[in-house]
Structures are given as C-alpha cells and as structure tokens.
Amino acid sequence: MRESRPIIALDFPSLSDVKSFLARFPKKEQLYVKIGMELYYAVGPEVVRYVKGLGHSVFLDLKLHDIPNTVQSAMKVLAELEVDMTNVHAAGGVEMMKAAREGLGEGPRLIAVTQLTSTSEKQMQHFQNIQTSLEESVVHYAKKTAEAGLDGVVCSAQEVKLIKGAIASDFICLTPGIRPAGSAAGDQKRVMTPKDARQIGSDYIVVGRPITQADNPAEAYRTIFEQWQG
Ligand code: C5P
C-alpha cells in the first residue's frame, strides 16, 4: 500500500509560485503533490489542471465537512478534476462520508481527518464535549471511516500502529509532520523522520517546508525520497 513518493505540500499563495517551484525539478520527475486550502481558494481548479497537466499526482486537501448532499455534489466536481486523493472530516458522520464516496467514485483515494493534530485532549474534552482520551476518539473516528468505505485517515505518525491495529494493516495512514534528521521542525510539535515513518508503517508521508524552502528543492526531495524508500 505504501506510496513510494513523499507527497510535497505545495503551500504557496499563487499559481506563479507553484510554476516556478515545479520548474526546479527535472522534467521527467513525476511528483505527488498536496494542494491545500490556501492555494485552492486563491487559484481555483486551474491549479489542479495545471499540475495534472504536467503529469503529477494530486492530493487535494480540502477537508470537506457539510451535509451529505452538498459534500456529494462537491466531490463530483473534484472527480472531474481527476484528483488522485482527497479528504473529508470524519466528524461529518458516516452518512456524509458515504455520500462523499458516492460523489467521488471508486477511483480516487478518499481519506478522513479524525481529530486535527492541533486539537489537544483538553480542548477536545472541554470544547467538543467528548469525554474519552484523544486516542480513543481518533480510533473511534477511524473505525467509522472504515465503516463508511473510505480508504484511510490522516494521522500523526505516532498514531499509525494504534489505528492499523484497530482496523486493518491495509487501512491507509497518511502522515504529515515529517522532518529529515537534523532539519528544523518549524511549528510542528511532534515530528518523525522519513525512515522512522516507514518503519512504523505509514503509507504516505507529507513533507512541505523541508522541500519547498530548501535552496535546492530537487536535491532535498531526492534525499527524503531515498530515506523514505529505504
Ligand atoms: O511544512 P510542513 O512539512 O510542516 O507541512 C506539512 C503540511 O501538512 C502542511 O500543508 C500542513 O497544513 C499539513 N498538515 C499537518 N498536520 C496535520 C494535517 C495537515 O502538518 N495534522
């Protein structure tokens, strides 16, 4: 199940930034990139068409969460953009996740966010009024995600074993917060190296700044690629 390429988070504000960044890679290098809210809301579907047109794969990270009918219609639109993977919030419910799958179709991967990694256990208990441990809530949402027929979840690398153990070894765990040994963590609190992420069983890793802010992004990508490949 493991994707051999690290997913590069294209956290840029404009299409021209994306163009100049991608131009720094060899033409034949087929990348897997993540397009998030900032870039998608700034540029729109054109950015997906542009990146797909270059032959790259796209994870569209929009974290949909709305009534089932609206999510289903939105997913139909994303399916037409030929995204390779996209996501929803598991908190939207099993019916919403099933509707998302229905709208997207069976081809692209569909994963869910359980609890955002920015949510602390205390916040979850006080604000969401969920009286369990954070881990229990994450596993609960992951089980509901599997029940709805989705492919996996976004999670912290530290949660992979727990989630796969509770569901199935082929349930996808996509993990951000990855840093090559010795690089700056930035605002990420709990980081893991590509090698450790591979060893604990992550299926996809997402890496942003260590590649996008590097003096030589193609070289930084290659190094991370090799550590991830093992
Ligand atoms: O630059 P960096 O490698 O920290 O980027 C990680 C990417 O993964 C960003 O786009 C960030 O929004 C995203 N992400 C994350 N942690 C999560 C979910 C998404 O870092 N729990």
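Model, not experiment: these values are computed from the prediction. Atoms within each ligand, like the ligands themselves, are counted from 1 in listed order.
For the pair Glu29 and Arg222, the salt-bridge criterion is met [side-chain N within less than 4.0 Å of a carboxylate O]. Using a 4.0 Å cut-off between charged side-chain N and carboxylate O, Arg109 and Asp203 make no salt bridge. Under the 4.0 Å criterion applied to side-chain N and carboxylate O atoms, Asp170 and Lys164 are not assigned as salt-bridge partners. In this structure, Glu147 pairs ionically with Lys144, as a charged nitrogen and a carboxylate oxygen lie closer than 4.0 Å.
Heavy atoms of Asp11 approach ligand 1 to within less than 4.0 angstrom. Heavy atoms of Gln213 stay at 4.0 angstrom or farther from ligand 1.
Between His65 and His89, the ring planes are tilted. Angles from 30° to 60° get that label.
Counting only N and O atoms by type, the side chains of Gln128 and Gln115 include a donor and acceptor under 3.5 Å apart.
A heavy-atom distance below 4.5 Å is found between the side chains of Ile211 and Phe25.
Residue contacts with ligand 1: Gly208 is placed with a nitrogen or oxygen under 3.5 Å of a nitrogen or oxygen of the ligand (distance criterion only). Taking any N or O of Arg209, backbone or side chain, at least one lies under 3.5 Å from an N or O belonging to ligand 1. Distances between N or O atoms of Thr117 and those of ligand 1 include at least one value under 3.5 Å.
Of the listed options Pro6, Pro176, Ser183, Ser156, Pro176 places a heavy atom closest to atom 15 (C) of ligand 1.
Of the protein's heavy atoms, Arg179 NH2, 3.4 Å lies nearest to atom 2 (P) of ligand 1. Nearest non-hydrogen protein atom to atom 11 (C) of ligand 1 is Lys34 NZ, 4.4 Å. For atom 6 (C) of ligand 1, the closest heavy atom belonging to the protein is Gln188 NE2, 3.8 Å.
Counting the atoms of ligand 1 from 1 in the order shown, those under 4.0 Å from a heavy atom of Ala9 are 7 (C), 10 (O).
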